[in-house]
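The next block holds one structure in the form of structure tokens; read it before the comments.
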Amino acid sequence: MPVSNHDIAVLFERMAVFLELDGANAFRIRAYQNAGRIIEGLTRNLAEAVLQGEDVTRFAGIGKDLAGKIREIVASGTFQQLAELEARLPKILLEMISIPGLGPKRARRVWENLSIHSIPDLKAAAENGKIRTLPGFGAKLEEQIQKGIAFRESQYNRILWSEAEIIARSLCAYLENIPGVQKVEVAGSYRRKKETVGDLDILAVCSQAEAVNRAFRSYPGVSEILAQGGTKSSVILHGGMQIDLRVIAKESYGAALHYFTGSQSHNIAIRKMAQQRRIKINEYGVFKNQLHVAGKTEEEVFRQVGLPYIPPELREMTGEIEAAQAGRLPQLASREQLRGDLHCHTDETDGALSLPEIAAAAHELGYEYIGITDHSQHVSVAMGLDEKRLRQQLLAIDKTNAKLKNITLLKGIEVDILDNGRLDLPDSILKELDFTVCSIHSKFNLPEDQQTERILRAMDNPYFTILGHPTGRLLGSRPAYAVHMERIILKAAECGCFLELNAHPERLDLSDMHCRLAKEKNVLVAVSSDAHNRVGLENVRFGINQARRGWLEAKDILNTRPLKVLRRLLRR
DNA sequence: GCCGTTTTCGGCCCGACTGTTTTCAGTCG
């Protein structure tokens, strides 16, 4: 199996870190960081391209030298220069720079002067007052390092977007109530709708910056203040999340919002474009000869570099600027365009709602249809349906449908893909259904080839309609099972079946990149709630966030189709 | 290490805050 783009990106990012520690030229470091980010965002597998003799220098950011290193990686799994640096510089330096306040320069100085071999060594040095004796260090930095180590031990990590939303809403409500505040917006990865969020970047429009900053720092949830200036402050909340606030004036709002929304590499690209036009973009606006010429809205900023508005979800430097230049930005999908939901569970198994209750809820959400997909018998913990109970449910659906107006219950099942690739119920009952969601709920650890074959074999079944939560991952708790997603997507295209984007906030399974790959191969994606209760039905909005990050438009999504068209598509 | 409508050298996004200095380096986003 050739190395993945992610593997190559990780090695280049690692190289960048080691070069930083080695005091290398900053632009050389940036070249590796750049290349890493670009490679991470490619839908084409670079290793396969190399093996087919393709010239990879055609990708922006990859020149002759890096192309050579990519060939080395494809052949050997790493490259020599990195191996040499890894041999020369100790791993502890990598750990040290993960501590806030310790960058490569300071880490290196501490390591060289105090013979630090582990984080406990570092902790001891700080506690014994040794760090403050080094040139350029003092008591405050020493204290900051101690705090940083404690913070690291608290194991705080990124949280789900849906959890960040709760924190963000409460903070925004608090800030909006401060006198003089005209507008509050959460920027950063939260606004780009990344599936997990590490911190929150909040922007407030107000003419009295200092007063707002003061009020922000006394928000009841604050446990620690990291930085306090006249225009920006950083705090840590109880629970560990960092919040950065920036206060700006009305005329800078668009420029600041663009800047703080990122991503960093997107910003760099936009600012480079500005340079070429002899203008300068910073968070205060767009400047021509020191003259403020734009910046009130994001649209103005984009216009100054000759681009249409690019939605935040696309600002990841994965081709959005080229698409904008070519006038080929997608019209991203919205929640309102969904005409139904194709994955939900009832009280017949592990759900909470009855068929009439689900129908009523779906109607409230403005749907035309909703697919009933309880578990199949193999999922015994959820009281999965066998053939007999499923037949009874089909009758119940007919009865319910007979009484319904404006909404249709579709007959489905979330049927298990068994480890031999067969489906968990016989064709004799599957053929009675409108569609199936076929999912893996067992044997997550199969090697990639076997797991992929298992799914491909299942797709050969003519009653296979939608692949449910295609990689099985749970964000932050369970990794994706090993599957070759490109092969699966190609097979889906060939067989006329579909992939689910499971919208449960802990799953968001497909990833953004796999959404794009599906779109490229003309495989429609079903954005589905996997709801077990009323609130769960609304999870589709998290799925739409992810779909938008995956460049999906209404036309790329199965359940934007009217019922009549949908029925035709569901028949393979 | 990459790149080119300032093209094969000489640039490379931009600014705030902190701490340790006494004018600025380092870190961060």
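The sequence lines fix the lettering, A, B, ..., with proteins before strands; numbering per chain opens at 1.
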Problem set entry | Minimum-distance pair of heavy atoms, taken over all atoms of Gln80(A) and Glu72(A) | N-OE2, 2.8 Å

Using atom [atom1] of [X] as one end and atom [atom2] of [N] as the other, report the distance to the nearest whole Å.
X         : N       : atom1 : atom2 : result
Arg28(A)  : dG1(B)  : CZ    : P     : 4 Å
Leu19(A)  : dG1(B)  : CG    : P     : 8 Å
Gln275(A) : dT5(B)  : CD    : P     : 14 Å
Glu72(A)  : dG1(B)  : CD    : P     : 12 Å
Ile38(A)  : dC3(B)  : CD1   : C1'   : 12 Å
Gln146(A) : dG19(B) : CD    : C1'   : 16 Å
Asn213(A) : dC17(B) : CG    : C1'   : 12 Å
Arg58(A)  : dC2(B)  : CZ    : P     : 16 Å

Check this one for me: any side-chain N or O of [X] less than 4.0 Å away from OP1 or OP2 of [N]?
X         : N       : result
Gln276(A) : dT6(B)  : no
Thr231(A) : dC17(B) : yes
Lys272(A) : dG11(B) : no

Looking for any heavy atom pair under 4.0 Å, which part of the strands does [X] touch: base, sugar-phosphate only, or nothing?
X         : value
Asn282(A) : sugar-phosphate
Ile29(A)  : nothing
Gly262(A) : nothing
Ala60(A)  : sugar-phosphate
Ile281(A) : sugar-phosphate

Exercise. In terms of side-chain heavy atoms of Lys280(A), which of dC2(B), dC12(B), dC14(B) is nearest?
Worked result: dC14(B)

Using the [atom1] atom as the point on both nucleotides, what is the distance between [M] and [N], in whole Å?
N       : M       : atom1 : result
dT20(B) : dG26(B) : C1'   : 11 Å
dC14(B) : dC9(B)  : P     : 25 Å
dT8(B)  : dC2(B)  : C1'   : 12 Å
dT21(B) : dG15(B) : P     : 27 Å
dT7(B)  : dC3(B)  : C1'   : 9 Å
dC17(B) : dT23(B) : C1'   : 16 Å

For this session: Report yes or no: is the cationic atom of Arg271(A) (NZ for Lys, CZ for Arg) closer than 6.0 Å to the six-membered ring centre of Tyr259(A), at no more than 45° off its axis?
Result: yes

Would you please say whether a donor-acceptor pair under 3.5 Å links the side chains of [X] and [Y]?
X         : Y         : value
Ser233(A) : Arg217(A) : yes
Glu13(A)  : Gln33(A)  : no
Arg516(A) : Thr318(A) : yes
Ser263(A) : His266(A) : no
Glu185(A) : Tyr253(A) : yes
Tyr190(A) : Thr261(A) : no

Exercise. Once each nucleotide of nucleotides 20-29 of chain B is scored for protein heavy atoms under 4.0 Å, what B/S/- sequence comes out, 5' to 3'?
Worked result: SS----SSSB

Problem set entry | dT8(B): pairing nucleotide in any strand, Watson-Crick or G-U under 3.5 angstrom | none

For this session: Kindly label the base of dT7(B) as syn or anti, based on whether its glycosidic torsion lies within 90° of 0.
Result: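 Syn.
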
Exercise. Are the aromatic rings of His258(A) and Phe302(A) close, with centres under 6.0 Å apart?
Worked result: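 Here the rings of Phe302(A) and His258(A) have centres that are less than 6.0 Å from each other.
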
